Number of protein chains: 2
Amino acid sequence: MARRNQHSREELQGLAIQAVRELVVEKGLEKLSVRKVADRIGYTAGMLYHVFANLDDLILHANAATLDQLLGDMDSAADSSPARALHQMASAYLALAREQTALWQMVFMHRMQNAAPVPDWYQQKTAALFDRVERQMAGLATDHDPAQIHLAARTLWSGVHGIAVLAAQDKLVVAGDVDEQAMLESLLEHYLNSWAGE
Amino acid sequence: MARRNQHSREELQGLAIQAVRELVVEKGLEKLSVRKVADRIGYTAGMLYHVFANLDDLILHANAATLDQLLGDMDSAADSSPARALHQMASAYLALAREQTALWQMVFMHRMQNAAPVPDWYQQKTAALFDRVERQMAGLATDHDPAQIHLAARTLWSGVHGIAVLAAQDKLVVAGDVDEQAMLESLLEHYLNSWAGE
DNA sequence: ACCTGAACACCGTTCAAGT
DNA sequence: ACCTGAACACCGTTCAAGT
């Protein structure tokens, strides 16, 4: 058999992406396979290679949906004062790691095979994330030059990311005796205190 | 054939661990396989299951060597003043991520299969790392209670870890326009400034 | 044009059988 | 007791061939 034509190319992509997200939530990233994705949507594994370049490409597209969701959450915090906005953005970032651990892990822990470069469209999405932070930092300390703001934004957000890593790990590995939300507040308060000048 | 008996059980373990570390440095974690490890040391894959529980167990043992090296580097910084010791420890942590990226990645990015729990002996090694940090933090602010010191140590070190993640990523994915050493100094200076009270 | 299904080159893991 | 080698149940990926 062949030529079923029940779905357009775009519908097929959407179905596959949805299946990836479901499977990863149900069984975890390490159990994900092209064959299982194909099974779930009622096609063969070979078909997916007509619609995606390979498994990495498929995962990247599934991650794009998660990143868009995160960017949306972070944007809805942008109206508050810079300090409040940064707190809310960090909380949104941590919430994803805690509540959607598997999806968060797929975004931030998945490494490309063959050390293949991450495509441009994807890198732009992750760069957009740092931009949101930088913009708020700029509003917080108007006397700092752009290079200082760039460095501080990346420093602060690396810290937030590190806490999210710990939160995701603890949820998966061992229930830690840590309050990640408290760590987040400690980081933001003390770092910004000193950086923005009290 | 069988019963070659050229190596003791302990020698076999050492050979396998060494082969894992070499292979991961040469080809990366995603290319590592039980069969390749066995090939490199001149045995069959089956043999490794008489000496290790499975691939995760083998990787954990290889990671133990890296963690011991890191703990050693961090300990040799313990003589300085608390603030200087923390800077040196953080630099040692970052140096591992930058210079031994593949080994660092295997320690901090490898997830267990089947969501199996990380064994006790391994968790104690990673806990030892936080202990080193906590001890220095205690020396820095004698008026803070143990719970505050515990929280601050984990917060600061999550930040250091986040910067190391970024450094490893940039080295593998795309040469970033970031100076991670400067980020480290920014984090330590500002966080400790405010936390320890100016 | 769209999709299949078989094939290729791999995996981790187990375990009866050889010495 | 020590280790092999074959087997099992999987992988990602390709592509000639069917409709």
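Within every chain, numbering begins at 1; the chains are lettered A, B, ... in the order of the sequence lines, protein sequences first and strands thereafter. This one's a predicted model, so the numbers in the text were calculated from it and none came from an experiment. All heavy atoms count here, side chains included; hydrogens, waters and symmetry mates do not.
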Upstream residue (5' side of DNA chain D) when B/R35 and B/L12 are each assigned their closest nucleotide
B/L12
Looking only at the side chains, is there a donor atom on one of B/Y93 and B/H161 sitting less than 3.5 Å from an acceptor on the other?
yes
Could you verify whether a donor N or O on one side chain and an acceptor N or O on the other, from B/T44 and B/R35, lie under 3.5 Å apart?
no
Whole Å only: how far is the CD atom of B/E10 from the P atom of D/dC2?
11 Å
B/D39 CG to C/dG12 C1': how many Å, rounded?
15 Å
OP1, OP2 of C/dC10 versus side-chain N and O of B/K31: anything below 4.0 Å?
no
Is B/K36 close enough to C/dC10 that one of its side-chain N or O atoms is under 4.0 Å from OP1 or OP2 there?
no
For DNA chain C, the residues among residues 42-52 of chain A that have a non-hydrogen atom under 4.0 Å from it:
A/Y43, A/T44, A/G46, A/M47, A/H50
Report which part of the nucleic acid A/L58 touches: base, sugar-phosphate, or nothing (heavy-atom distance under 4.0 Å, all strands).
nothing
Secondary structure of DNA chain C per the Watson-Crick/G-U criterion (both distances under 3.5 Å; [ ] crossing, | other strand, . unpaired) is ||.|||||...|||||.||
Proximal nucleotide (of C/dC11, D/dC3, D/dG12) relative to the A/V34 side chain
D/dG12
B/S33 side chain, from C-beta outward: closest of C/dC11, D/dT13, C/dT13:
C/dC11
